[in-house]
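I have placed the structure first, in the form of C-alpha cells, so that the comments after it can refer back to it.
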Amino acid sequence: MDITRRRLLSALSAAGLLAVVPAGPVSAAAAAEGAARLRANTAAVFAGTPESNARPETAAKIAAVDRTARTNLKAMDDAGTGELFAGLALGTDDANLHTAYRWLYEIALATRAHGGGLYGDAAARRRVVDGLVWLHERYYGDQSKGYYGNWFNWEIGISQQVSKTLVLLYDEVLAQRPDLVRTYVASMDAYLRNGKDGDVNLDSRFHTGANLADITTNRVLQGALLDDTARIRKALTDQLTVFATIDPYRLNHGVTDGYYADGSFIQHASVAYTGSYGKGLLTRVVQTLKILDGTGFAHGEELVPVVHGWVRNGFAPLIFEGWMMEIVKGRAVSRTDSGYTDVAVVVEAAVDLSSLAEGTMARSLKGYVKHIRETSRATLDPARFVSPVSVVRYADILADASVPAADLNPAARSVAFNAMDKTVHRRPGFAFALSRSSARISKYEYMNGENLMPWFQGEGAHYLYLSGQDQTRAYGVDYFTTVSPYALAGVTAPAEQQRTVPELYGKPYYDNPGHPLNFTSSSESQNKYVYFPRGTHAHSGGAVLGAYGAAGMVQSSDVAFQDREMLPDDFVVHRNAAATKSWFLFDDEIVVLAAGVGDPAGRAVTTAVDARVAAPDDAVSVTGVRDDGRPWSGPGTAELRWLRYANATQGTAVGYLFLDAPSVRVALDRVTRSRRVVRTANPDTAVTRQVLGVSVDQAAGARPVCLAYALVPHADASRMRSYAKGPLRVLANSRRVQAVAHRGLGLTAVNTFAPGRHEVEAVRVDGPSSLLVRRSTDSALTSVAVSDPTMRRDTVSVLLRGRRLRPVTADEGVRVRAVSGGTRIDVTTHHAYGRSFTVTLRGPH
C-alpha cells in the first residue's frame, strides 16, 4: 500500500518527517531561483512588503522600526574611539557584542521597510556593512579570543542577527564587500563549538528543541546567501527533528526536549517550558514555514497540522483570558514582561499559521485569535509583532465577520500535562494551574541571575486565575517579588532560610572546574545540581475523566541532597519537608488533601493553603466562620470552618473550606520589595502589594499531620455556608491513599501511593495509581479513568464492587471482566507515560 507523506506525518515519526524535504536532484537554475525566493521571503517576513506597509494598520510598526534605527544611528554618530556605538563597551562582554550586531540589524531592517523614512537609504546601508566589517576584524573574526561568556550568544544570538542582516542587505554586501558573506559564514561555523565539524550535532544537549530551531534557521539563511542548496537541505533535515513528537521510550539522539503526546513541552531535558522556549520554538518554525513558501526546498504544508496541534493542545490550555500561565515559564517568571506579552507572541504565530492552513484548521486558528482579543484584559498591540505582514493579517482576521471568536478549549476542561508534571483545570470563570515535580521533571529553573528564589515553585505551587481580573495585579513578576518564596500558594516548606546562588557563591553559578564533577557555567553538573535540579521521587501524575481531574505527588528532596556525599564540601544542599498530596478537580471546587506533612529533620513547617496579592489601595476583606459557628474576621489565627477572601475593587473572591485542618493562620500584610530581589537584571523598582497568606503552621518537632481543604473560586458567604450539608466528603487521607467523593457529581476520586491493595468504599485498586469513577445519576452508566502516576507500572487493576457491569466503550489496553463481588478492570499502562485510560460501563438501571 502506498504510504503518502501526509500519512507518514500523521504518525509524527522522525522517518515520516524526512519526507518533507525533497531528496531528488535540483538543477542549478532551480536552486538559484529557490535561494532568491528564500531571501525575498525573509525580507518580507521581517521588513514587510510594499503592499503590507501601505496599509494604515502597519503605520505604527513601521514608525517604531524607523525610530529604533535612528536611535542606533545616533549612537554610531556619538561613538568614541574604539567604539562602534556610544557607550557599548566591547571585548569582554558577549552580551554587548550581541547587542551591537542587533543594532546593526535594526538599521538594516529600517532601510528595507517600505514606507519608512530610512527606506532605501544607501548611506545607512553602507554604514551597516562597514559596521559588520569593523566588528569582524576587531571582536569576532579571531575565534581564539572569542567564545567568552554565554555560549548562546556565540552559537545562536550573534549568528541570528548577522544572518538576517546579510539577507536584508544582500545586494549591497555583494557590491561593497563580496567576500563578507563567506567570511562571516566561516566564522559562524567556527563558533558552533557544541556542533560537529562546524555544523549541527543532534547528539549535543545544546542543539535541541528551540535552540536547534534557531541554529538551523540561521543555517538555512546562510545557505540562501551562499546559494548552497546542500546546506539548506541539511539544515532543514536537522530542523525537522523538532517536529517529531517525543517518545520517551524511543528517544532520538537521547533528546527529551520537545513536544509530547499530551501537549507538554520540555527544554533543558527536564524543564516545563511552553511559555518561554516553547513559544520561541513556535515562532521560529512558523517563520521558517513562511520563509520556505514557494522555494521548493520543503513541503511546508505537511507540517502545518503538526504546529496546529501544538497550538491547540500545548498552548491553548495554558492561556487564560490572554495570559500565559506561570507554571510553564521557567526562570522567565522573574522577568518584567507580563503573561499578556507572552501570549502576543503566540497570537502572531497563530495569525501566520492560519495563512498557511486550509479549511477548518485555518478557521479555528482565526477564531482563536479573535477569542484572545475579546477575552484578554490587556490590549494586544500588533505594532509589537515581528512582521508587518502579520499585522495586516491580524487586522484582516479581526475584520472578517464570517469567523466567530472561539476558544480552542472547551469551556470546561481538565488537562494532565503529565510529561512535564503540570496540571491545568479550566471552568467558565476561573482556571487552576498546578506545578508538580518528580525524579523526571525539575523542581524549578534558576539561571543567569534570573528567578533567584525559586526553591518551592515545583512543590505543588498553584495559581488560581479569576475571570475578569487584570492578571498583572494577581500574578506575574510582582507576585514572586512580594510573596515569600517559602509561602507560595500550595507549597509545604520547612522553616529554613535559603540564600540565592549569587549570595552563596559570589557569582551567578557555582564555579569549581577542578572538582571531578567539573562545575563550570554551562556544565552538566551545573544543570543537574544548580540550574534545574530534579526531585528524587517518581510519583507525580494524575488522571482525567472528561472535564474532571485528579493529581497526586510525593514531595521529595532534590537530587543535590541525595548526592550530597559526592558534591564539593562548599556546595550547599537543603533537605525538603515531607508531604503526600492530592488535588481533586471538580466544577466548583479544587479539593486538596495532604498527609504525612512534617519534617524528618524536626524543623518547623508551613503549608500555604493560598497566597494572593492585591494593589495597595484595593478594598480587600477576609471573613469566615469558626468551627463552633461563630463569625470570624481576619487577620489572625483560629480553628475555622471556612474563610472568604474578597477584593471588591477587582470584583473577585475565593472561598476556603476547611474539611480537616488544625488552626489556620491568616495574614494580610502590606509588602514592599524591589523587583530586583527575583532577578538581578530587573530595574530596581519598588513594588507594593497587599499579600494574603492562608497557612497551617507546625512547630519544630511536631508530629506529621493531615490536612484537607477546598478552594472555591468566586464563592460568596451563602455558598460557603451551604457546604455544611455537602456535597464533599473525604474518604481517605493517608500517605498510602487519598480519596474524595462529590455527591452532586456522583464522582469518586482516588489517588494511591504505595504497593499493595487499597480499599476505598466500593473501589479496590492495587498499587500506586490515580483513579476517577463517575456513576451517572440518570442512567446505568459508570465511567472510569485510570493512570499510572509513577510511569513505571505495566498494569493497574481496579475492582468496582457491587453489580456486574459490561463495557460499552473502552480505550485500547483496557480489559473488563466480571468477577466474584463485582467488575474487574485491568489497564495496560506499560509505556503509557502517565496517560489516562477510560472505560464506560453499563449495568442494570
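The residues Arg793 and Asp788 are annotated as not salt-bridged, no charged nitrogen and carboxylate oxygen being separated by less than 4.0 angstrom. With respect to Asp558 and Lys443, no salt bridge is recorded, no charged nitrogen being found less than 4.0 Å from a carboxylate O.
In summary, the side chains of Tyr273 and Arg331 do present a donor paired with an acceptor at a separation below 3.5 Å, with no hydrogens or angles considered. Between the side chains of Asp794 and His831, no donor-acceptor pair of N or O atoms lies under 3.5 Å. Looking at Asn201 and His207, their side chains never bring a donor and an acceptor atom within 3.5 Å of each other. Using a 3.5 Å distance cut-off with no hydrogens or angles, the side chains of His253 and Thr241 do not pair a donor with an acceptor. Judged by distance alone, the side chains of Ser467 and Glu321 do bring a donor and an acceptor atom under 3.5 Å apart.
For the pair Ser836 (side chain) and Ala785 (backbone), a donor-acceptor distance under 3.5 Å is absent. Listed for the Asn733 side chain is a donor-acceptor partner under 3.5 Å among the backbone atoms of Leu707. With Gln471 contributing its side chain and Gly339 its backbone, the two residues share no donor-acceptor pair below 3.5 Å. Not one N or O on the side chain of Asn409 forms a donor-acceptor pair closer than 3.5 Å with the backbone of Ala411. With hydrogens and angles ignored, the 3.5 Å screen pairs no side-chain donor or acceptor of Ser334 with any backbone N or O of Arg679. Thr283 contributes no side-chain N or O that, together with a main-chain N or O of Gly280, makes up a donor-acceptor pair within less than 3.5 Å. Proximity of a side-chain donor or acceptor of Tyr479 to a complementary backbone N or O of Arg612 within less than 3.5 Å is not detected. The closest donor-acceptor contact from the side chain of Gln738 to the backbone of Ser582 lies under 3.5 Å. Listed for the Thr375 side chain is a donor-acceptor partner under 3.5 Å among the backbone atoms of His371. Between the side chain of Asn448 and the backbone N or O of Glu450, no donor-acceptor pair lies under 3.5 Å.
Residue Gly542 comes nearest to Ser770 through the heavy atom pair CA-OG, 3.6 Å, listed as atom of the first residue, atom of the second, then distance. The nearest pair of heavy atoms linking Ala543 to Leu772 is O-CD1, 3.7 Å. For Asp262 against Ala416, the heavy-atom pair with the smallest separation is OD2-O, 3.6 Å. When every heavy atom of Val559 is checked against every heavy atom of Lys528, the shortest pair comes out as CG1-O, 3.5 Å. The nearest pair of heavy atoms linking Leu466 to Pro713 is CD2-CB, 4.0 Å. The two atoms that bring Thr536 and Ala439 nearest to each other are C-CB, 4.2 Å, heavy atoms only.
Both tests hold for Arg564 against Phe561: distance to the six-membered ring centre under 6.0 Å, angle to the ring axis within 45°. Cation-pi check for Arg534 over Phe532 is not met; the charged atom does not lie both under 6.0 angstrom from the ring centroid and within 45 degrees of its normal.
For the pair Arg436/Lys422, no side-chain contact is recorded, criterion being any heavy-atom separation below 4.5 Å from C-beta on. The shortest side-chain heavy-atom distance between Phe432 and Val424 does not fall under the 4.5 Å cut-off. Looking at Val786 and Val798, their side chains come closer than 4.5 Å, going by heavy atoms from C-beta outward. With contacts defined as side-chain heavy-atom distances shorter than 4.5 Å, the pair Asp214/Glu155 does not qualify. Within the 4.5 Å cutoff, side-chain heavy atoms of Val285 are placed close to those of Gln239. Residues His425 and Phe430 are in side-chain contact: their nearest non-hydrogen atoms beyond the backbone lie under 4.5 Å apart. Proximity of Asp478 to Thr472: side-chain heavy atoms (C-beta onward) are nowhere separated by under 4.5 Å. With a 4.5 Å cut-off on side-chain heavy atoms, Arg440 and Asp421 count as touching.
One distance of note links OG of Ser525 with CG of Asp563; it measures 10.0 Å at 0.5 Å rounding. To the nearest 0.5 Å, atoms CZ (Phe456) and OH (Tyr444) are separated by 9.5 Å. Once rounded to the nearest 0.5 Å, the distance linking CG of Leu711 with CG of Asp588 reads 12.5 Å. One finds the CE atom of Met324 at 13.0 Å from the OH atom of Tyr340 (value rounded to the nearest 0.5 Å).
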Trace of the side-chain hydrogen bond (donor to acceptor under 3.5 Å, both in side chains) decision for Thr828 with Thr795: CA-CA 4 Å; Thr828 300; Thr795 60; over 6 Å; no
Working for side chain to side chain contact (heavy atoms under 4.5 Å, CB included), residues Val477 and Val333: CA-CA 6 Å; Val477 63; Val333 295; over 6 Å; no
Chi angles and distances behind the side chain to side chain contact (heavy atoms under 4.5 Å, CB included) call for Val242, Arg284: CA-CA 11 Å; Val242 306; Arg284 191 66 61 237; over 6 Å; no
Take Ser442 and Ser270, measure what side-chain hydrogen bond (donor to acceptor under 3.5 Å, both in side chains) needs, and give me the verdict at the end. CA-CA 5 Å; Ser442 299; Ser270 59; 2.6 Å; yes
Could you go step by step and tell me if Val784 and Thr838 meet the side chain to side chain contact (heavy atoms under 4.5 Å, CB included) rule? CA-CA 5 Å; Val784 181; Thr838 61; over 6 Å; no
Let's go through Thr208 and Asp257 carefully: what are the C-alpha distance in whole Å and the side-chain angles of both, what is the deciding distance for side-chain hydrogen bond (donor to acceptor under 3.5 Å, both in side chains) to 0.1 Å, and is it a yes or a no? CA-CA 6 Å; Thr208 63; Asp257 290 356; 2.5 Å; yes
Which is it for Gln526 and Met447 under the side chain to side chain contact (heavy atoms under 4.5 Å, CB included) test, yes or no, and what are the steps along the way? CA-CA 10 Å; Gln526 197 80 228; Met447 194 185 295; over 6 Å; no
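Less than 6.0 angstrom separates the ring centroid of Trp151 from the ring centroid of Phe206. Residues Tyr463 and Trp323 place their aromatic rings such that the two centres sit no closer than 6.0 Å. Ring centroid separation for the pair Phe265 and Tyr277 does not come in under the 6.0 Å cut-off.
Atom CZ of Arg205 sits in a crowded spot, with more than 12 heavy atoms from other residues, nucleotides or ligands closer than 6.0 Å.
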Name each donor-acceptor pair under 3.5 Å that joins a side chain in residues 544-555 to protein atoms two or more places apart or in another chain, with its distance.
| from | atom 1 | to | atom 2 | distance (Å) |
| --- | --- | --- | --- | --- |
| Tyr548 | OH | Asp587 | OD1 | 3.3 |
| Tyr548 | OH | Asp587 | OD2 | 2.8 |
| Gln555 | NE2 | Thr492 | O | 3.0 |
| Gln555 | NE2 | Asn576 | OD1 | 3.4 |
| Gln555 | NE2 | Ala577 | O | 3.3 |

Tell me which donor-acceptor pairs under 3.5 Å the side chains of residues 341-350 have, and how far apart each pair is, sequence neighbours excluded?
| from | atom 1 | to | atom 2 | distance (Å) |
| --- | --- | --- | --- | --- |
| Asp342 | OD2 | Lys329 | NZ | 2.6 |
| Glu348 | OE1 | Val386 | N | 2.9 |
| Glu348 | OE2 | Val386 | N | 3.1 |
| Glu348 | OE2 | Ser387 | N | 3.1 |
| Glu348 | OE2 | Ser390 | OG | 3.1 |

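Between Tyr833 and Tyr249, the ring planes are perpendicular. Angles over 60° get that label, and only those under 30° would be called parallel.
Tested against Tyr475, the residues Tyr465, Phe320, Phe480 include a single ring pair (Phe, Tyr, Trp, His ring centres under 6.0 Å) partner, Tyr465.
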